[in-house]
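Single-structure report; data block below.
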Amino acid sequence: MSLSTPLRAATGAHALLCALLLASTAMAREYLPGDTFAHDLPNGGKGPEMIVVREGKYVMGGGRVGGNPDALEIEIEHPFAISKTEITTAMYRHFLRATQSGDLDSLKGVADDLPVSNISWDEAEAFVSWLSHQTGQNYRLPSSTQWEYAARAGSNKTYTWGDSPGEANANCMDCGVQYEGSLAPVASFKPNAWGLYDVHGNVWEWTKDCLDANSKPPMSGMPQLFGNCDNRELRGGSAKSVAWAIRLNARASFPRQSRSPDVGMRVMMLLPR
C-alpha cells in the first residue's frame, strides 16, 4: 500500500468529521422570534431571506371568539420561519438554472426584484423541494392558517395598517399607487409589524391547502390536505385586485396545474425542535 492511501483516508475522515460538526452546529442553532437568516446554497448564492415568527393564537378573519359562531381560534404551537418577501424572479431563476429547466427562457427580460409569477402550484412545490434538498432544511409552502397568522402579525384589523385601505399602502387596483395592475418590486411598501412585506397585493400567494367547503381548517395551523386537492388556496390578493380583495382574511383558489400572471408564492420553513 502506498503512503498516499492512509493520507487519503485521513483526509476523508477529517472532511467527514467537519461535515458532521457543521450539521450538528446547524441543528443546535437557536431560532428566536425576529431572527432573520438566509441559507447558503451549494452551487452559489443564498436562499430567500427568512424571518422567525413566534408561536401564538389568533382568530381567523380578525374577529373575536364568541362574537361569531363560525370564528375559529387557531393555535400555532411552534415558531416557524417565513420568507420576508414573495419569492423573487432572481431566486426562481437561480432554481431553474440549477435544475437545467427549459422554463428558464420564460423569465428573459423580467427584472430580478419582481416577485416571480405565472407559476403553478406544482412548480411552487418543486421549488420548495429543491430548496429543502439544497439546504438540508424543511422548506414548504405555508398553510393558509400559517399565512394569515404571519400576515396579521398580531393584528385583528382588516389590513395590517388598519380597517381602511387608505392610499399607497399596497400594490392593488385603485389603491393610489403608480403600478396600476403591474407588478412592483418586492418590499416596495411598508412591512407589517413582524417585518413581512407584500402580504397585501402584488401577487396572490400559493398555500399548501386543498379546498373543502364542508370542513373547517385544522386549528393547529397545519395545512388542510383533504378535499378538492386539484384546487389550492391562494392568499394576499394581487396587483390586479381591488382593495377589498387584498384583506387579510381574503381567500381564493386556483387549479394546481394552472398558471396566472398574478400568482406567485412565499415559502415557510419548519424549525428544528
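Hydrogens, waters and symmetry mates play no part in the numbers below; they use all other heavy atoms, side chains included. Here the structure is a predicted model, which means the values were calculated and not measured. Numbering of residues begins at 1 and proceeds along the displayed sequence.
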Not counting sequence neighbours, which residues clear side-chain contact (heavy atoms from CB on, under 4.5 Å) with [X]? List them please.
| X | result |
| --- | --- |
| E205 | E86, W147, R266 |
| K46 | A38, D40 |
| P191 | Y197 |

[X]: partners by salt bridge (charged side-chain N to carboxylate O under 4.0 Å, His left out), with sequence neighbours left out:
| X | result |
| --- | --- |
| K240 | none |
| R232 | none |
| D212 | none |
| R259 | D103, E123 |

Scan for side chain to side chain donor-acceptor pair (under 3.5 Å) pairs involving residues 107-116, sequence neighbours excluded, and state none if there are none.
->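 Residue pairs with at least one partner in residues 107-116: R93-D112.
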Just wondering, more than 12 heavy atoms not from Q257 lying within 6.0 Å of its CD?
->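 Counting neighbours around CD of Q257, 12 or fewer heavy atoms of other residues, nucleotides or ligands fall under 6.0 Å, so no.
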Is there any ring-ring contact (aromatic ring centres under 6.0 Å, His included) pair reaching into residues 161-193, and which pairs are they, with sequence neighbours excluded?
->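 Applying ring-ring contact (aromatic ring centres under 6.0 Å, His included) to every pair that reaches into residues 161-193, excluding sequence neighbours, yields Y159-W161, W161-H200.
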What donor-acceptor contacts under 3.5 angstrom involve side-chain atoms of residues 126-134, with partners at least two apart or in another chain?
unit_1 : atom_1 : unit_2 : atom_2 : d
S129   : OG     : E125   : O      : 3.0
S132   : OG     : V128   : O      : 2.9
S132   : OG     : Q137   : O      : 3.3
S132   : OG     : Y139   : N      : 2.9
S132   : OG     : Y139   : O      : 3.2

Kindly give the cluster partners of L225, where membership spreads through any ILVMFWY side chain lying under 4.5 Å from a current member.
->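 The other cluster members (ILVMFWY side chains, heavy atoms under 4.5 Å, direct or chained): none.
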Sequence neighbours excluded, which residues qualify as ring-ring contact (aromatic ring centres under 6.0 Å, His included) partners of F80?
->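 ring-ring contact (aromatic ring centres under 6.0 Å, His included) check on F80 returns nothing, list empty.
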